[in-house]
> 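Right, I'll just put the structure down here and ask away after.
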Amino acid sequence: MQIARVVGSTVATIKDAKLVGRKLLIVREADEHGTALGKPYVAVDSVDAGTGDLVLVAAGSSARQTDLTKDTPVDAVIMAVIDSLEVSGAVTFRKS
Amino acid sequence: MQIARVVGSTVATIKDAKLVGRKLLIVREADEHGTALGKPYVAVDSVDAGTGDLVLVAAGSSARQTDLTKDTPVDAVIMAVIDSLEVSGAVTFRKS
Amino acid sequence: MQIARVVGSTVATIKDAKLVGRKLLIVREADEHGTALGKPYVAVDSVDAGTGDLVLVAAGSSARQTDLTKDTPVDAVIMAVIDSLEVSGAVTFRKS
Amino acid sequence: MQIARVVGSTVATIKDAKLVGRKLLIVREADEHGTALGKPYVAVDSVDAGTGDLVLVAAGSSARQTDLTKDTPVDAVIMAVIDSLEVSGAVTFRKS
Amino acid sequence: MQIARVVGSTVATIKDAKLVGRKLLIVREADEHGTALGKPYVAVDSVDAGTGDLVLVAAGSSARQTDLTKDTPVDAVIMAVIDSLEVSGAVTFRKS
């Protein structure tokens with residue numbers, strides 16, 4: 001899963017009928033310190049994440065394995081909110 | 001899902017029989033301002049999008065989860081038309 | 001789907017039994033003018049394409065959604081031959 | 001499968017219910033000598049790997065083919081711990 | 001499918017039970033001349049390939065469509081050994 005930062009949100013009135021009511025958040029890939037480095041893209045939120053959260057994003061068919069995304073045309077889902085990351089024995093990120 | 005700009009269209013007479021009648025649009029990845037930055041590729045339209053629209057594209061097997069694309073050999077589908085994008089509390093794109 | 005140029009072919013006597021009789025073409029990603037820019041890779045042909053054709057390639061599990069590629073270990077299929085491409089209102093490619 | 005080095009771990013209290021109890025390790029792509037070169041990302045551990053191990057990671061839907069990850073929204077799984085790698089007849093990595 | 005050169009092998013005692021007995025080869029993406037250019041990664045062999053062979057690798061869920069890899073957590077399989085490649089009418093590679 002990609003480590004990603006939630007940076008915003010998307011409004012789309014015209015969309016596949018199965019996506020009505022789904023929260024479409026804008027995320028960017030982040031490093032182990034939580035710094036956003038990647039290009040923005042859109043993921044469906046399945047864990048009530050919000051702007052500023054550091055999250056995990058599952059891509060591809062795996063994005064359809066949550067109750068909210070089953071059988072829907074989505075290829076990225078936020079499936080965890082990160083509390084902390086530890087690399088080489090040191091905490092590199094802790095949710096404030 | 002990728003944020004993408006619809007920039008054109010494709011005509012292909014010889015194609016998989018299951019794709020007859022499908023609209024094949026040319027899209028390019030775009031940033032949070034709607035500026036097209038990526039290379040052109042082709043996505044099937046499932047939401048009556050048109051040239052100039054900023055859209056969301058789902059890739060891979062997820063592209064086959066719309067009524068129009070089920071069981072067809074397509075790996076990219078336009079499944080939403082973007083009204084607006086908000087990043088870090090500011091609107092970065094609004095459909096005109 | 002990727003816009004791609006067919007540039008050659010592959011001979012492989014030893015291959016998965018389900019691929020016997022399949023045409024394995026070498027393709028390269030192309031731009032909206034049909035100019036080949038990407039690295040060569042191999043796609044199964046499902047639409048009787050030939051060297052020089054500009055085609056659409058579907059990747060991943062979607063490559064197995066044609067009659068010729070169902071249940072086979074292939075991750076790229078040519079599923080359309082492009083007649084013309086139009087970008088920003090101008091024809092950028094027309095099959096000669 | 002990608003050759004990857006386990007470099008750390010992730011704590012995430014809020015996550016998809018199917019992931020409760022799963023170990024979420026931080027990995028980075030590595031070369032044939034075991035040197036980590038890639039960006040950090042998160043994979044579910046299915047083989048009791050630990051920090052410092054050189055492992056194989058399967059991505060995409062294949063990440064859901066272990067007993068621990070079946071039907072879960074994960075797109076990367078550690079499915080082997082590497083003992084040794086041999087390239088061009090020479091051992092380039094051996095687990096210490 | 002990717003054109004790839006087999007450059008080595010992997011030993012992994014601890015691995016998913018479904019992979020016992022599978023040959024895990026190290027491959028690198030190659031060009032139309034057979035020159036290895038890409039980073040090393042690991043693919044399961046399904047066609048009795050060996051070090052030095054130029055092969056085709058199928059990735060993603062397609063890697064699970066051989067008898068040896070069905071339902072296993074692998075995302076890359078060698079499914080053909082290349083005899084020759086022809087680009088623009090000239091043979092660019094022939095197996096020696």
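Chain letters run A, B, ... following the sequence lines, proteins first, then strands; residues in each count from 1.
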> Between A:A17, A:A12, A:S61, which residue shows the highest count of heavy-atom pairs closer than 4.5 Å to chain B?
A:A12
> For A:P73, is there any backbone N or O sitting under 3.5 Å from a side-chain donor or acceptor partner on B:S62?
no
> Non-hydrogen atoms of chain A under 4.5 Å away: do they reach the side chain of B:L56, the backbone, both or neither?
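When you check distances to chain A, only side chain atoms of B:L56 fall under 4.5 Å.
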> Using only atom types and a distance under 3.5 Å, with no angle test, would you say the side chain of A:D75 pairs donor to acceptor with the backbone of B:A59?
yes
> Would you check if the side chain of A:D16 reaches a backbone N or O of B:M79 as a donor-acceptor pair within less than 3.5 Å?
no
> If you count heavy-atom pairs under 4.5 Å with chain B, which of A:V27, A:T51, A:T72 comes out on top?
A:T72
> Considering only heavy atoms and a distance below 4.5 Å, find which of B:E32, B:R94, B:R64 pairs most often with chain A.
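If we count pairs closer than 4.5 Å to chain A, B:E32 comes out on top.
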> Counting heavy-atom pairs closer than 4.5 Å to chain B, which one of A:L24, A:I26, A:V6 comes out on top?
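Sorted descending by pairs with chain B, the first entry is A:I26.
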> Can you tell me how far apart OG1 (B:T66) and NZ (A:K15) are? Round to the nearest 0.5 Å.
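The NZ atom of A:K15 is 15.5 Å from OG1 of B:T66, to the nearest 0.5 Å.
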> Where on A:V44 is there a heavy atom nearer than 4.5 Å to chain B: the side chain, the backbone, both, or neither?
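Contact with chain B: backbone and side chain both.
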> Check each atom of B:V55 against the heavy atoms of chain A and say whether the ones under 4.5 Å are side chain, backbone, both or neither.
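Interface part for B:V55: neither.
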> Checking the side chain of A:K39 only, and the main-chain atoms of B:Q2 only, is there a donor and an acceptor separated by less than 3.5 Å?
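Such a contact is absent between A:K39 side chain and B:Q2 backbone.
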> Within the structure provided, determine whether A:V74 and B:M1 are in side-chain contact (heavy-atom separation under 4.5 Å).
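They are in side-chain contact.
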> With a 4.5 Å cut-off on heavy-atom pairs, point out which of B:G60, B:A80, B:S46 contacts chain A the most.
B:A80
